[in-house]
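Take a look at the structure set out below.
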Number of protein chains: 2
Amino acid sequence: MIKAKDSYHHGDLRHAIIEEAKIWIETKDISSLSLRGIARRLGVSHNAPYRHFTDKESLLVTIAEMGFEKLKQWLQQVLAKNTLTPEEEIKALGVKYIEYAVSNPAYYRVMYSAYLSDYQKYPSLDKAAEESFTILIETIAQGQKAGVIRAGDTRELGYVCWSLVHGVSMLYLERQLRSSTIESVEKLAKLATAMMIEGLEVKQES
Amino acid sequence: MIKAKDSYHHGDLRHAIIEEAKIWIETKDISSLSLRGIARRLGVSHNAPYRHFTDKESLLVTIAEMGFEKLKQWLQQVLAKNTLTPEEEIKALGVKYIEYAVSNPAYYRVMYSAYLSDYQKYPSLDKAAEESFTILIETIAQGQKAGVIRAGDTRELGYVCWSLVHGVSMLYLERQLRSSTIESVEKLAKLATAMMIEGLEVKQES
DNA sequence: TGGTATATGTTGCTATTGTCAACATTTATC
DNA sequence: GATAAATGTTGACAATAGCAACATATACCA
């Protein structure tokens with residue numbers, strides 16, 4: 001979205017900056033992202049972005065927050081079905097999580113890219129991240145209450161699940177999984193979550 | 001290691017640069033790393049590092065390679081015991097992997113920090129990464145041969161294990177696991193690998 | 001309707017960085 | 001001991017983040 005040549009005001013610069021940043025991060029990478037570069041592409045002056053974001057980091061924080069918001073929505077879609085057992089739900093959440101990361105690489109990279117290691121500095125970002133994690137935690141807790149998921153610190157079990165899907169997502173996005181396609185990640189996601197569930201289930205005495 | 005004030009040559013600048021970079025990445029973060037900053041701290045001119053590294057990326061590549069070398073050594077220590085069952089071995093590899101990441105944050109961050117997404121560009125780095133992964137793969141393959149680990153694409157099973165331990169490592173290093181200490185990660189590592197093994201084991205008919 | 005405050009954009013500046021080229025000094029080699 | 005190679009320095013340029021001062025459009029209010 002380039003500024004109309006003759007108008008002084010862009011009209012929706014804030015939004016345009018965010019979109020352009022997402023495209024940049026998706027097609028190039030986050031480390032090369034520059035506010036001036038974005039401004040140039042949008043046909044505005046090099047300082048125009050500073051009217052909408054106090055600095056580069058604040059743009060990234062905004063994008064990360066949007067990303068967590070969207071992730072939360074994706075995960076909530078899984079729960080909305082309301083026809084799944086707790087185990088199926090956890091599995092479906094895991095698969096959905098990876099699908100989200102694969103489908104929204106720019107968001108996911110910003111959310112977890114070490115550029116924002118200090119989440120504490122941004123309470124609203126911290127809250128957004130925690131809220132999407134809470135969806136998983138509560139589902140696990142329900143499974144525990146129903147007696148189908150192993151007892152133990154719910155948050156810790158949640159960390160294990162989260163680590164798994166985060167690992168798959170990151171390794172895929174950073175191209176560490178050799179010659180992997182979207183389809184093969186999808187397959188990997190199903191395998192990984194299926195295996196994880198076995199570790200989560202209550203064991204029968206044999 | 002600062003240069004002796006009166007000597008023209010540093011003596012071991014290449015090594016000093018690497019060490020300084022590791023300290024920087026450990027105490028600050030990778031995105032703020034600068035060659036000029038390192039040179040300044042070492043008391044040499046801003047261009048001295050270019051006699052040892054063609055550019056900033058090549059320094060990072062060197063560090064990443066060293067990191068994979070060291071990781072390989074850590075993992076091989078587990079196999080060296082030679083007293084474990086395949087399942088125990090896989091579990092121990094997972095725990096060791098996370099211990100490595102936690103104990104060598106600078107290495108681990110450089111190895112997986114998205115600054116080097118193009119591993120293909122650096123064959124020796126690519127090779128080093130693949131070699132440490134191979135240790136896991138071969139252990140899983142042995143377990144499959146022994147009939148204790150589930151059948152299936154060995155590499156894919158390896159990806160699942162790797163994703164899990166990578167996820168734990170990254171989330172810890174990027175401070176996403178709230179109020180977690182080294183001890184709590186250690187505990188998390190054991191739980192995660194124990195759960196993973198249950199997903200890997202061959203199922204008895206019940 | 002007109003006038004002023006506010007939001008939004010621009011221009012120009014400084015400091016920092018990566019990197020190149022040219023030059024200096026030391027060390028190695030024959 | 002002379003010359004080549006390795007290592008370090010100085011000085012440049014371009015790009016970037018971000019500040020300050022200024023310009024223009026828009027919103028709002030009497």
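Residue numbers begin at 1 in each chain, while the letters A, B, ... track the order of the sequences. Reckoned from all heavy atoms, side chains included, excluding hydrogens, waters and symmetry mates. Model, not experiment: these values are computed from the prediction.
Whole-Å rounding puts the B:L13 CG to C:dT27 P distance at 14 Å. B:F53 places its CZ atom 16 Å from the C1' atom of C:dG18, with the value rounded to the nearest Å. Counting to the nearest Å, the P atom of D:dA6 and the CZ atom of B:R14 are 14 Å from each other. Taking atom CZ of B:R51 as the reference point, atom P of C:dC23 lies 13 Å away to the nearest angstrom. Rounding to whole angstrom units, CD1 of residue A:I38 and P of C:dG9 are separated by 14 Å. In this structure, A:I17 atom CD1 and D:dA17 atom P are separated by 12 Å, rounded to whole Å. Atom CG of A:L59 is separated from atom C1' of D:dA17 by 13 Å (rounded to the nearest Å).
For A:S184, the side-chain contact (heavy atoms from CB on, under 4.5 Å) partners two or more places apart in sequence, or in a different chain, are A:S180, A:T181. Every side chain to side chain donor-acceptor pair (under 3.5 Å) that A:D126 has, sequence neighbours left out, goes to B:R178. Residues passing the side-chain contact (heavy atoms from CB on, under 4.5 Å) test with B:S113 are B:I30, B:Y115, sequence neighbours excluded. Taking A:R155 as the reference, A:E130, A:Y159 meet the side chain to side chain donor-acceptor pair (under 3.5 Å) condition, with sequence neighbours excluded.
Ring-plane geometry between B:Y100 and B:Y107 is classed as parallel, the angle between the planes falling under 30 degrees on a 0 to 90 degree scale with a further cut at 60.
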Under 3.5 Å, which protein N or O atoms sit close to an N or O of nucleotides 12-16 of chain D? Give each pair with its distance.
from: D:dT16; atom 1: OP2; to: A:R40; atom 2: NH2; distance (Å): 2.5

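Looking at which nucleotide of DNA chain D each of A:T54 and B:A48 is closest to, the 5′-most match is held by B:A48.
The side chain of B:Y50 approaches C:dG18 more closely than any other nucleotide in the set C:dG18, C:dT10, D:dG8.
For residues 185-201 of chain A, the set of pairs meeting the salt bridge (Lys or Arg N to Asp or Glu O under 4.0 Å) definition, not counting sequence neighbours, comprises A:K187-B:E156, A:E198-B:R150, A:E198-B:K203.
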